[in-house]
Amino acid sequence: MSEFGEQRRRLAGVMERRGAWPARSAWIREAVDALPRDLFAPDRLWRWNGKTYAPVDRETDAGQWAAEVYGDPDAAAVTQVTDGRASSSLSCQAVVVDMLESLHLETGQRVLELGTGTGWNAALLARRAGPGQVTSVEVDPELAAGARQSLQSAGAHVAVTVGDGTAGWPPSAPYDRVISTYAVDRIPWAWVAQMRPGGRIVTPWGRLGHVALTVADDGQSATGWVQGLAQFMPTRGTDTGLDDFSQVCGDGPAADEHPWERELAPLRDDWHLRFALRVALPDVRITVAADEDGLNARLHDGTASWAALSALPDGKTPPGHHAQQDHLRPGRHGRELAGRPAGGPQCPVLLKGGADEPGRQGPPEGSGCRASRRTATRARDVGRPPALGAGGASKPRISS
């Protein structure tokens, strides 16, 4: 059993005070208590220090290692770094709980999980669904092997397979529930096709929120709502352009430099703002991190447009940042989004099709999809659904 009882109780207490344990799904807290996170965390984790990911080893720094596993309810523990970027994590506890509640899982139901990762989420699913009811697909053979070992040690009977989760897993279909632990910009039609009528799909969608969809009786569509707000890693192999900020800005001088007098904390903490930005500027990647001088922000579009907001050594904010930019023209939407949106996200999305076709995804024609009442930004690309932010937003209707 876990040796980190004090840390586990502290994290559970924080969630209790926040009201994050779902009263209608008491099984989730019981499962989390029975299957501690640290049983599924590798001995080496990775911590962002403001500049790069630094290793945190259980053997040499057990205290910091436990802090990564049992820190803030909204903080994930990075378990794998590839080419300098986080490529897998032990998802933050609050989001795992929220998504499990959205799944409406019952004992005896068949479950397909996409993205095994450490195996912790699969173990929680099996605790509820029962032995042999959960199939989990992981694209990384090394992660799959580690998850199998952890699941076996925890006594969780889950079938872990190596494959591309985009295709689902036809051999064990049909399923009553499908849950993905990574974000997709387009919901694969294979997930719908492998479901029983009335089945439920829960997946991060657009990297800033998760949706829950119910498959129609004829199996030709699914409808649902945005259920929660958090940030997720994308599908492995997703073409995201030039993700590295340095690749976009290059070595040349900036086209413009000037003082910046706004607080950067809302850009990091206000998920309503980040949702609205994602809708208005879907190609822009935003990273906010702290160093010894304060908060710094990097924004780019994956091709040539970029901006850098760097904290000055005196730490004053505002004014305390130096702005550099090149080819960045935020225009009216950028200016409007500088403050907090007045309302939560409201964006219906449509996905329809047959078993052998990809289906259509995006706002229904004439829906007037808006990021918020203030920004009044219409979704521009139905093939790239807007991302969703964190905590406290209204629940937009999704039709798939």
Side-chain angles (χ1 to χ4, degrees), residues 1-48 53-80 86 88-103 105 113 115-131 134 136 143 146-158 179 181 202 210 228-233 390-391:
M1 182 48 68
S2 169
E3 62 185 274
F4 301 102
E6 182 179 347
Q7 292 91 333
R8 291 170 54 206
R9 288 188 292 272
R10 186 201 63 79
L11 180 57
V14 172
M15 293 190 60
E16 179 82 38
R17 290 188 291 276
R18 280 177 32 169
W21 293 112
R24 294 178 298 179
S25 303
W27 71 267
I28 297 176
R29 183 166 188 177
E30 183 275 331
V32 170
D33 288 343
L35 296 161
R37 284 166 64 84
D38 61 272
L39 297 184
F40 295 86
D43 290 337
R44 167 165 287 187
L45 299 174
W46 299 85
R47 183 173 183 268
W48 181 255
Y53 283 100
V56 179
D57 292 324
R58 181 172 184 170
E59 183 177 351
T60 58
D61 195 351
Q64 185 59 52
W65 185 90
E68 295 299 310
V69 176
Y70 290 111
D72 188 284
D74 299 317
V78 176
T79 58
Q80 185 185 68
S88 188
S89 70
L90 179 61
S91 298
C92 58
Q93 184 159 298
V95 169
V96 169
V97 168
D98 196 21
M99 290 182 66
L100 288 176
E101 182 187 23
S102 298
L103 195 61
L105 180 60
E113 180 194 45
T116 314
T118 65
W120 185 50
N121 193 70
L124 298 175
L125 292 167
R127 180 87 178 184
R128 175 64 166 178
V134 178
S136 186
L143 290 178
R148 285 193 198 98
Q149 184 175 349
S150 296
L151 288 162
Q152 183 177 2
S153 298
H157 299 284
V158 175
I179 183 168
T181 64
V202 173
H210 72 267
L229 302 169
Q231 190 165 5
F232 299 86
M233 292 182 184

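None of these values were measured; they are calculated from a predicted model. In what follows, residues are counted from 1 in the order of the sequence shown.
No donor-acceptor distance shorter than 3.5 angstrom exists from the side chain of Y70 to the backbone of E6, with no hydrogens or angles considered. Formation of a donor-acceptor pair under 3.5 Å by the W120 side chain with backbone atoms of V32 is not found in this model. Between the side chain of R128 and the backbone N or O of L105, at least one donor-acceptor pair lies under 3.5 Å. Remark: side-chain polar atoms of T79 are paired, donor with acceptor, to backbone N or O of S88 under 3.5 angstrom. At distances below 3.5 Å, not a single donor-acceptor pair connects side-chain atoms of R58 with backbone N or O atoms of W65.
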Practice item. Check the pair T181 / V96 against side chain to side chain contact (heavy atoms under 4.5 Å, CB included), numbers first and verdict last. Key: CA-CA 9 Å; T181 64; V96 169; over 6 Å; no
Exercise for review: Check the pair E101, V97 against side chain to side chain contact (heavy atoms under 4.5 Å, CB included), reporting the backbone distance first and the verdict last.
Suggested key: CA-CA 6 Å; E101 182 187 23; V97 168; 5.7 Å; no
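Every residue meeting the side chain to side chain contact (heavy atoms under 4.5 Å, CB included) condition with D61, not counting sequence neighbours, appears here in chain and number order: Q64. Partners of S136 under the side chain to side chain donor-acceptor pair (under 3.5 Å) rule, at least two apart in sequence or in another chain, are E113, T116.
Residues L39 and S150 form no side-chain contact, since every pair of their non-hydrogen atoms from C-beta on lies 4.5 Å or further apart. With a 4.5 Å cut-off on side-chain heavy atoms, H210 and V202 count as touching. Looking only at side-chain heavy atoms (C-beta outward), Y53 and V78 come within less than 4.5 Å of each other.
Within the structure, the side chain to side chain donor-acceptor pair (under 3.5 Å) test picks out the following pairs touching residues 18-30 (sequence neighbours left out): E16-R29, R18-D74, E30-R127.
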